[in-house]
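A note on names: the letters A, B, ... follow the listed sequences, proteins ahead of strands, and every chain is numbered from 1.
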2 protein chains.
Amino acid sequence: MGMVKSSPLTADDWIDAALRAIAENGVGAVAVEPLAKKLGTTKGSFYWHFSNRDNLLERALATWERDHTDAIIAAVDDAPTPRDRLKQLLERVFPADIDALEVALLAAAATDPRVRPALTRVTQRRTDHVAKLYRAAGMTKSAAHRRAVIAMSVYLGRLQLAFLTPNELPSGGAASAAMLADLESMLAPSESVEK
Amino acid sequence: MGMVKSSPLTADDWIDAALRAIAENGVGAVAVEPLAKKLGTTKGSFYWHFSNRDNLLERALATWERDHTDAIIAAVDDAPTPRDRLKQLLERVFPADIDALEVALLAAAATDPRVRPALTRVTQRRTDHVAKLYRAAGMTKSAAHRRAVIAMSVYLGRLQLAFLTPNELPSGGAASAAMLADLESMLAPSESVEK
DNA sequence: ACCTGAACACCGTTCAAGT
DNA sequence: ACCTGAACACCGTTCAAGT
């Protein structure tokens with residue numbers, strides 16, 4: 001079942017296995033003994049590469065944070081106007097298949113003091129970026145920030161909803177298209193706020 | 001520290017302790033040995049009242065589900081029009097202090113197969129109720145449903161955001177008032193959709 | 001440098017025995 | 001009817017010893 005690598009295991013092998021375990025079964029699934037079994041090695045081997053279970057979690061989170069923040073932000077920078085970039089961001093982020101790893105991390109953030117800071121940084125950067133887009137589209141600084149916070153709420157809430165009621169949110173199809181249209185009009189930049 | 005009750009402990013004592021533990025430290029904190037210590041009894045006592053740890057969780061969830069669904073839905077039924085009821089619901093639900101227990105359950109729902117069904121039922125009922133209000137305010141059935149889903153997303157996302165960036169969401173004050181105004185206009189029923 | 005294997009602590013679960 | 005206390009399994013962590 002587990003992919004057994006020939007001899008010298010690297011720390012990254014453990015990190016990959018940890019992230020896969022999180023996506024599949026949550027942060028609680030980052031357990032040394034089961035991971036060791038999956039990698040075909042022993043617990044003792046683990047403690048050569050990591051000081052403890054938390055240290056593995058920490059480094060796995062750092063890897064995720066690096067890989068999943070800038071990529072999304074950079075992906076939409078080719079659209080001509082801020083309004084277009086916002087629209088593209090929405091279209092890219094909302095109909096997409098739910099990212100199981102992101103949901104699991106979001107879930108763990110509420111109770112796990114090691115996960116929360118990572119999620120906080122990522123969320124902060126995303127919010128700031130969206131606020132900047134609203135600002136560039138002509139809204140005041142405070143209105144732009146409020147709308148960015150609301151947009152992030154909708155995004156985060158949708159991750160939760162998708163997991164709670166999978167049948168309610170088809171990944172494609174007419175319902176989802178109408179939904180996206182609703183969201184686009186609700187989240188479009190408005191120029192008339194707090195002149 | 002723990003409130004030690006005189007002799008015959010009831011199942012409800014364990015359930016109360018479990019719900020308190022969840023609110024404070026997440027579902028993982030429902031651990032028999034620590035709870036026994038807090039209640040001043042032994043693990044053996046626990047297994048008189050419950051078949052196992054999961055059984056305690058199950059019954060704690062059932063208690064929460066019963067207490068926290070109908071109460072909120074019923075609380076706003078005195079407003080004259082559907083539009084007013086929606087507005088009151090928003091005003092009641094959004095500026096309120098974050099419910100730690102609800103956040104912890106929402107978090108656990110993503111990975112815990114015992115928690116998810118309870119959250120799914122509660123979310124479904126809340127969504128249906130809000131959709132009914134939109135419908136009564138004059139929207140088509142499908143538009144009302146889509147808007148209810150979006151409103152639930154904002155609500156759930158806000159719970160997450162509040163925990164990720166506590167400083168961003170003051171419980172009162174001007175920022176929160178402006179935010180509420182934004183939400184009210186974005187989530188107000190519109191009559192012009194899908195005539 | 002990297003790994004094994006045994007040891008110990010902690011928590012879930014069982015159960016015979018007590019009141 | 002309700003509880004204790006000892007026992008065992010499972011996983012985190014340590015460490016002496018191996019290659």
Side-chain angles (χ1 to χ4, degrees), chain A residues 1-62 104 107-108 111-115, chain B residues 1-62 104 107-108 111-115:
Chain A
M1 188 142 284
M3 35 210 53
V4 181
K5 256 192 71 171
S6 54
S7 284
L9 233 44
T10 66
D12 281 337
D13 291 329
W14 286 95
I15 289 175
D16 282 357
L19 288 173
R20 243 178 291 125
I22 294 174
E24 284 161 20
N25 296 306
V27 171
V30 179
V32 180
E33 195 165 78
L35 286 182
K37 209 165 287 174
K38 232 172 257 167
L39 289 168
T41 184
T42 63
K43 296 193 277 183
S45 160
F46 172 82
Y47 285 94
W48 170 258
H49 297 286
F50 301 89
S51 52
N52 52 30
R53 198 202 94 120
D54 282 7
N55 182 238
L56 168 59
L57 233 187
E58 235 169 64
R59 289 164 67 181
L61 286 171
T111 49
D112 195 317
R114 290 166 295 284
V115 178
Chain B
M1 191 136 284
M3 34 211 52
V4 181
K5 256 193 71 173
S6 55
S7 281
L9 235 42
T10 64
D12 281 335
D13 292 328
W14 286 96
I15 289 174
D16 283 355
L19 287 173
R20 243 179 291 123
I22 293 174
E24 284 161 19
N25 295 307
V27 171
V30 179
V32 179
E33 196 166 78
L35 286 181
K37 209 165 288 174
K38 231 173 259 168
L39 290 169
T41 186
T42 61
K43 298 192 277 183
S45 161
F46 172 83
Y47 285 93
W48 171 257
H49 296 287
F50 301 89
S51 52
N52 52 29
R53 198 201 94 120
D54 281 8
N55 182 237
L56 169 59
L57 233 188
E58 234 169 65
R59 288 163 66 179
L61 286 171
T111 48
D112 195 315
R114 289 167 294 286
V115 178

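The side-chain contact (heavy atoms from CB on, under 4.5 Å) test with Thr41(A) singles out one residue from Asp13(A), Leu35(A), Leu9(A), and that residue is Leu9(A).
Comparing Gly44(B) and Lys43(A), the nucleotide of DNA chain D nearest to each residue sits closer to the 5' end for Gly44(B). The residue among Asn52(B) and Trp48(A) whose nearest nucleotide of DNA chain C is located toward the 5' end is Trp48(A).
For the pair Leu56(A) CG and dC11(D) P, the computed distance is 16 Å after rounding to whole Å. Straight-line distance from the CZ atom of Arg53(B) to the P atom of dC11(C): 13 Å, rounded to whole Å. Rounded to an integer number of Å, the gap from CD of Glu33(A) to P of dA6(C) is 14 Å. Straight-line distance from the CG atom of Leu39(A) to the P atom of dC2(C): 15 Å, rounded to whole Å. Between the CG atom of Asp13(B) and the P atom of dC3(D) there is a distance of 9 Å, given to the nearest Å. Atom C1' of nucleotide dG12(C) and atom CG of Leu57(B) are separated by 14 Å, given to the nearest angstrom. As rounded to whole Å, 19 Å separates atom P of dC15(C) from atom CZ of Phe50(B). Atom pair Leu35(A):CG and dT13(D):P shows a separation of 12 Å (rounding to whole Å applied).
Nearest heavy-atom pair across Ala108(A) and Val27(A) is CB-CG2, 3.2 Å. The nearest pair of heavy atoms linking Leu61(A) to Arg114(A) is CD1-O, 3.3 Å. The two residues His49(B) and Ala11(B) have their closest heavy-atom pair at ND1-N, 3.9 Å.
Taking side-chain N and O atoms only, His49(A) has no distance below 4.0 Å to OP1 or OP2 of dA1(C). For Tyr47(A), no side-chain nitrogen or oxygen approaches OP1 or OP2 of dT14(D) to under 4.0 Å.
Formation of a donor-acceptor pair under 3.5 Å by the Arg53(A) side chain with backbone atoms of Val32(A) is not found in this model.
Contact annotation: the side chain of Leu56(A) approaches that of Phe46(A) to within less than 4.5 Å [non-hydrogen atoms, C-beta and beyond]. The shortest side-chain heavy-atom distance between Phe50(A) and Ile15(A) falls under the 4.5 Å cut-off.
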Let's test your reading of the pairing rules: Watson-Crick or G-U wobble, both distances under 3.5 Å, then write DNA chain C as a dot-bracket string with ( ), [ ], | and dots.
||.|||||...|||||.||
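Looking at the side chain of Thr42(B), the nearest of the listed nucleotides dT4(C), dC2(C), dT4(D) is dT4(D). The side chain of Leu9(A) has dC3(C) as its nearest neighbour among dC2(D), dC3(C), dT4(D).
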